[in-house]
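To keep things clear, I will list the structure first and then write my remarks on it.
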Protein chains: 2
Amino acid sequence: MSNASSAIERFSRYPLGESQSVHCPVRDVLDRIGDKWSMLMIMALAMRPHRFSELHRAVHDISKRMLTQTLRDLERDGLITRHVFPTKPPSVEYRLAPLGLSLLDPMASLVEWADRCHGDIHAARARFDGTPGDVPRQAVPARSKVHKKMA
Amino acid sequence: MSNASSAIERFSRYPLGESQSVHCPVRDVLDRIGDKWSMLMIMALAMRPHRFSELHRAVHDISKRMLTQTLRDLERDGLITRHVFPTKPPSVEYRLAPLGLSLLDPMASLVEWADRCHGDIHAARARFDGTPGDVPRQAVPARSKVHKKMA
DNA sequence: TGGGGTAGGTCTACTATAGAGACCGCCTCC
DNA sequence: GGAGGCGGTCTCTATAGTAGACCTACCCCA
């Protein structure tokens, strides 16, 4: 059912550049979950609800500022929910909303791909980096810097 | 076979934060293809090979600099290949490599999800933006500048 | 004969975004 | 009575992305 040709067929239905993000679901959604931390948050929350500092410990190299912002954005998009418990130091728990839950399946296939192919990717990188300059990028004869616009 | 619980099971095998990117395939790969343009490039190339300026026209709002850089990165990772034809103004064609082809399937499920759910996401956004301040973020008594709401 | 267009880029300046790390009130524990 | 956890916010700086001028080389058109 889900092979490359059906994927291609699907892609062809989306305008990649003619429209703004609002008109392109792909860009709209990818811009959100495609950032550095969102998927990590969702993966963590997929296992169980987490509190703020649990998430901070789980991901460790996210700054609190980005943690707050990422969680806020995910909440705004309805992928996670935020629950405040009126304990003495109020504790906050984040958990996946149904919408976020529905994302797990497509995410899992991506994660699986990443796992399967990251060896190949590293190999390709090593190969690429090991062959520097065998493909000249441009035939420009290094005409030195003409002075640019002097605003 | 691919339901949420299997996804969760899979996620639990990856360390989210304890390791560097090199040790975590998920972060490693997501950092690459999760940027603003990579998936768009791959979607365009999934349909047919493109030349540089065809890609620029297809995506329209990418700068040439980012187009060059994105293509270079994808080439480096072995997802696409670059072919130079020695025509009078040399033309360059980009096409998917097998590795990039193998990414289409997981990407398609993500795109499908995006298409299916972006209505819900927009609704959630509108709901969130429409209810400002009903969830006090912190019990801080409004010291001085409150005129920003985190945006 | 030179003006404009195409091709595949590079270069520089500017700006938006991410990251670091201090700080906050409030609480508990030692 | 100082340390540390809680859930954040604030400011500053470093980094990444953007805009757009520029480049060589070629063609067509008048």
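Source: prediction; values computed, not measured. Protein chains get the first letters and strands the later ones, always in sequence-line order, with residue 1 at the start of each. The figures that follow rest on heavy atoms only: side chains count, while hydrogens, waters and symmetry mates do not.
Of all the heavy atoms in A:D61 and A:W37, the pair that sits closest is O-CH2, 3.5 Å. Taking all atoms of both residues into account, the shortest heavy-atom contact from B:G78 to B:A97 is O-CB, 3.3 Å.
Across the protein-nucleic acid pair, B:M66 atom CE and C:dG8 atom P stand 19 Å apart, rounded to whole Å. For the pair A:K64 NZ and D:dG5 C1', the interatomic distance rounds to 9 Å; values are reported in whole Å. In this structure, the CD1 atom of A:I62 is 10 Å from the P atom of C:dA20, given to the nearest Å. C:dT17 atom P lies 12 Å from atom CG of A:D35, rounded to whole Å. Atom CZ in B:R65 sits about 10 Å away from atom P in C:dT10, given to the nearest Å. Nucleotide C:dG8 holds its P atom 14 Å from the CD atom of B:E75, rounded to whole Å. Protein atom CG of A:D61 is 8 Å distant from nucleotide atom P of C:dA20, rounded to whole Å. Atom-to-atom, NZ of B:K36 to P of C:dA16 comes out at 12 Å; the value is rounded to the nearest Å.
Ranked by how close their nearest DNA chain D nucleotide is to the 5' end, A:P89 and A:L71 are led by A:P89.
Side-chain proximity of B:V92 to D:dG7, D:dG5, C:dG8: nearest is C:dG8. Between D:dG7, C:dG8, C:dA18, one nucleotide has an atom nearer to the side chain of A:Q69 than all others, and that is C:dA18.
In terms of phosphate contacts, B:R57 brings a side-chain nitrogen or oxygen within less than 4.0 Å of OP1 or OP2 of C:dA7. Note on B:W37: every side-chain N or O is 4.0 Å or more away from OP1 and OP2 of D:dA16. Close to C:dA20, at under 4.0 Å from its OP1 or OP2, lies no side-chain N or O of A:S63. Taking 4.0 angstrom as the limit, B:S53 places a side-chain polar atom (N or O) nearer than this to OP1 or OP2 of C:dA7.
At distances below 3.5 Å, not a single donor-acceptor pair connects side-chain atoms of B:H118 with backbone N or O atoms of B:R116. In this structure, the side chain of B:H56 engages the main chain of B:I62 through a donor-acceptor pair within 3.5 Å.
Using a 4.0 Å cut-off between charged side-chain N and carboxylate O, A:K36 and B:D31 make no salt bridge.
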